[in-house]
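We name chains A, B, ... by the order of the sequence lines, and we start the count at 1 in each one. This one's a predicted model, so the numbers in the text were calculated from it and none came from an experiment. When reading the values below, keep in mind they use all heavy atoms of this one structure, side chains included, and skip hydrogens, waters and symmetry mates.
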Amino acid sequence: MIDAYLSELQQVIHRQFCQQLQTQAISLGDIKFQAPPQPDLGEFCIPCFPFAKMLGKNPNEVARLAAQNFVGHPYIQEIQAVGPYLNVKVHRDQFARILCLNILQKQQEFGRSNEGQGVRVMIEYSSPNTNKPLHIGHVRNNLIGMALANIFEFCGYALIKSNLINDRGIHICKSLFVYRKWHPEIESPESIGMKGDHLVGKFYVEFENALRNEREAYAQKKGIDLRRFHKDYAKDLKQRIRDAKDPVEKQKLNQELQQLQQESDAFEEEFLANSEYYQAAMELLRRWEQEDPEVRRDWQKLDQWVIAGFQETYRILGCKFDKIYRESQTYMLGKEHVLDGLNRGIFYRKEDGSIWVSAQRLMEIDPEGFKGFPLKDKVLLRGDGTSVYITQDIGTAILKAQEYNLQRSIYVVASEQALHFKTLFAILKLLGFAWAPGCYHAAYGMVTLPKGMGKIKSREGTAVDADDLIAEMKERAKEKMTEENLRVPEEQVEQISLDIALAALKVFILQVSNEKDLQFDPTQTIAFTGDTGPAIQYSYARIQSIFRKAAEQNIPWPAESQVDYSLLKSPEEFALIRQLWEFPEIIKTITRTYNIGLLVNYLLALTKTYASVYTEHPVLRAETESLRAARLILAKATAQVIHNGMALLGVQVPERM
RNA sequence: GUCCCCAUAGCUCAGUUGGAUAGAGCAUCAGACUUCUAAUCUGAGGGCCGCAGGUUCGAAUCCUGCUGGGGACGCCA
């Protein structure tokens with residue numbers, strides 16, 4: 001209905017342009033509506049610059065001519081040239097009527113489209129390592145993944161949500177080592193009152209601490225000052241190189257930096273070769289690959305502890321998956337295809353038996369992507385036949401395509417892995433998979449702490465833990481709820497305080513553009529006032545409260561088709577109606593741009609508009625019954641759009657708060 | 001060294017395909033609750049959109065260079 005309205009509008013304006021300017025150069029698709037900056041200018045506008053270029057005329061002239069001799073139309077009140085713009089004012093009552101009828105009829109389906117019909121898309125997200133609990137960085141990943149999945153689904157795509165569990169590798173064996181060596185007495189996480197993923201994460205931190213102590217002792221024995229190998233020292237040196245004016249001095253410093261790096265690498269290599277703990281972990285890895293039953297048994301035990309912990313966090317965050325892949329199960333397929341590529345002459349083998357893809361090959365298949373990059377050859381399989389990170393990703397990608405016949409395959413993974421995915425996709429193209437160009441890395445920036453608070457490092461246990469964060473915010477929401485008078489039934493307090501906490505967290509995180517780093521201050525956690533999730537929920541809850549009061553007062557629910565929409569003529573109310581119109585278009589844009597922030601900011605702006613409507617134009621105290629009816633319908637439509645938008649973000653909207 | 005991302009109000013951030021006077025929130029100041037939920041609203045102040053060129057009728061947005069911040073360039077994942 002809305003589409004039909006817009007398409008009619010487009011045709012009328014197109015005809016007007018063609019007739020008035022006596023041209024056939026303008027196609028229907030050239031008529032693109034925008035929202036004017038001021039509402040009193042009209043509901044839609046068309047900038048005339050492109051037509052001016054096409055016709056060799058002044059844009060003001062084009063707009064002026066286009067506005068002349070308009071015969072009128074049932075949808076359009078008037079068209080008007082303002083400078084180089086043609087502004088369209090519609091009949092507002094009809095505009096409001098079509099919108100409200102549409103929303104109230106479609107309800108949860110309002111905004112749904114079928115633009116993705118027949119297209120099979122997989123979104124892989126979360127993809128945790130099974131050696132530590134989820135922290136705020138994973139939360140960002142999970143929220144982006146879920147929101148994208150919901151939105152693609154809503155736009156008619158056949159969408160599969162997948163999760164690749166990184167359950168093998170040296171880091172897993174580090175936790176495993178600590179468990180076997182130092183804590184074999186622990187029967188289960190429950191037995192010591194801990195969540196499984198937290199317990200295994202504790203093992204991991206313990207390992208890294210032990211390794212650090214061992215490294216320091218080793219350095220001391222060798223008379224080496226480790227501070228020289230610290231990242232900050234190199235950073236400081238780089239700064240001095242930049243600041244150096246004298247070229248001789250500069251070169252000297254450059255040499256020092258290079259030497260430092262060599263020394264540092266050499267030291268680390270030597271240390272690891274002599275490290276009791278690291279070697280023990282490596283030994284576990286080898287035994288794991290050889291399927292040593294004892295190691296596998298313990299690995300499986302810890303794996304189950306961690307996964308149970310993840311599932312709990314996923315349940316709270318609302319993450320769902322249609323398909324779970326495990327690195328331990330896909331790396332074999334990756335190996336097969338690497339060997340296949342070797343046989344077909346796409347890859348090559350070095351003397352030590354390792355298999356590689358050459359930089360030149362990569363460059364040839366994706367010259368744009370690797371432009372100017374002094375790319376190195378990339379190892380695909382170790383000499384001893386064991387796999388590396390990219391091996392399993394090759395296998396997983398192929399498995400996905402085989403199982404689901406995908407047109408698009410989206411990877412929600414941190415932007416630090418950009419080169420890895422560029423390489424992966426190029427390799428898939430080299431192997432000749434027709435679906436390879438449909439792969440896309442939906443990258444997002446790091447979550448950082450404010451200046452002076454250091455960095456988030458799960459290795460050192462300084463990460464902001466996802467469970468702790470949610471629990472803390474839930475407590476604060478509960479406090480806020482009970483501060484004045486509690487409007488929520490006692491038995492719902494737990495659930496609603498959690499819903500509010502999650503709304504705050506999700507809106508806060510999804511508001512920031514994916515590619516940007518996100519600064520997170522754990523000491524302040526997240527606010528509940530202003531541009532926040534709870535503010536959106538609050539708008540919804542207030543509307544529901546109006547409906548409850550209306551029912552208490554035995555006010556009959558109006559039939560939306562009988563309402564006099566011309567009564568909704570205040571600037572605030574009409575601004576709200578204009579904004580509600582935008583919703584379906586916003587959703588579609590996100591499948592093109594991956595910019596979830598569009599939806600978040602839309603909902604914030606919408607509820608801000610609604611808040612002023614709420615204070616200035618009361619529903620139940622409206623001057624007349626017919627005005628009250630119109631406002632009830634508008635409130636209903638607003639609540640529905642808030643509900644639908646928040647659902648796509650994975651946020652619940654409570655009836656009371 | 002090379003490549004990628006980022007730089008917008010004191011702070012945190014929006015700004016879709018280049019379009020009319022660059023917007024929110026927080027913080028500051030001044031107002032509004034016997035009223036459908038004040039987790040709210042109304043108003044004020046606050047900007048060389050990092051710097052310098054270029055393309056264009058038009059640039060926060062595109063191109064080039066520079067500065068600053070982050071990341072990547074592992075037989076780690």
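- A/N166 and A/E327 form a side-chain donor-acceptor contact under 3.5 Å, judged by distance and modelled atom types alone.
- The base of B/A14 is not paired with the side chain of A/N595 by any donor and acceptor separated by under 3.5 Å.
- In terms of position on RNA chain B, the residue among A/I586 and A/S415 whose nearest nucleotide sits closer to the 5' end is A/I586.
- At whole-Å resolution of the value, CD in A/Q524 and P in B/A27 are 10 Å apart.
- Note on ring orientation: taking the six-membered ring where Trp is involved, the planes of A/W356 and A/Y348 are parallel (angle under 30°, cut-offs 30° and 60°).
- With 3.5 Å as the limit, one finds no donor-acceptor pair spanning the side chains of A/S570 and A/E616.
- For A/D352, counting side-chain heavy atoms from C-beta on, the closest listed nucleotide (B/C13, B/C75, B/A7) is B/C75.
- Classification of A/E475 and A/K478 as a salt-bridged pair holds, one side-chain N sitting under 4.0 Å from a carboxylate O.
- Look at A/K378 and you won't find any side-chain N or O under 4.0 angstrom from OP1 or OP2 of B/G74.
- Within 4.0 Å of A/E585, counting heavy atoms only, lies no atom of the nucleic acid at all.
- To the nearest angstrom, P of B/G23 lies 20 Å from CG of A/L606.
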Q) Could you go step by step and tell me if A/F425 and A/Y411 meet the ring pair (Phe, Tyr, Trp, His ring centres under 6.0 Å) rule? A) CA-CA 11 Å; A/F425 299 158; A/Y411 293 78; 5.6 Å; yes

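- Here B/C75 presents its P atom at 16 Å from CD of A/E289, a figure rounded to the nearest Å.
- For A/Q519, the side-chain atoms get nearest to B/C13 when compared with the rest of B/C76, B/A77, B/C13.
- Here A/K588 does not reach the OP1 or OP2 of B/U16: none of its side-chain N or O atoms lies under 4.0 Å away.
- Distance A/F271 CZ to B/C76 C1': 16 Å, rounded to the nearest Å.
- Going from the C1' atom of B/A9 to that of B/G23 covers 10 Å, rounded to whole Å.
- We find that CD1 of A/I172 is positioned 12 Å from C1' of B/C76, with the value rounded to whole Å.
- If you take atom P in B/A20 and the same atom in B/U28, they sit 33 Å apart, rounded to whole Å.
- Residue A/S513 places its side chain closer to B/A14 than to any other of B/C73, B/A14, B/C75.
- Taking atom P on both nucleotides, B/G25 is separated from B/U17 by 25 Å, rounded to a whole Å.
- Near RNA chain B, meaning a heavy atom under 4.0 Å away, the residues from residues 380-393 of chain A are A/R382, A/V388, A/Y389.
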**Q.** Summary of protein contacts for nucleotides 36-41 of chain B, nucleotide by nucleotide, where a base hit scores B, a sugar-phosphate-only hit scores S (4.0 Å, heavy atoms)
**A.** BBSBSS

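- The side chain of A/P36 has B/A20 as its nearest neighbour among B/C75, B/C76, B/A20.
- Note: CG (A/N601) to P (B/A24) measures 12 Å, nearest angstrom.
- For A/E585, there are no salt bridge (Lys or Arg N to Asp or Glu O under 4.0 Å) partners two or more places apart in sequence or in a different chain.
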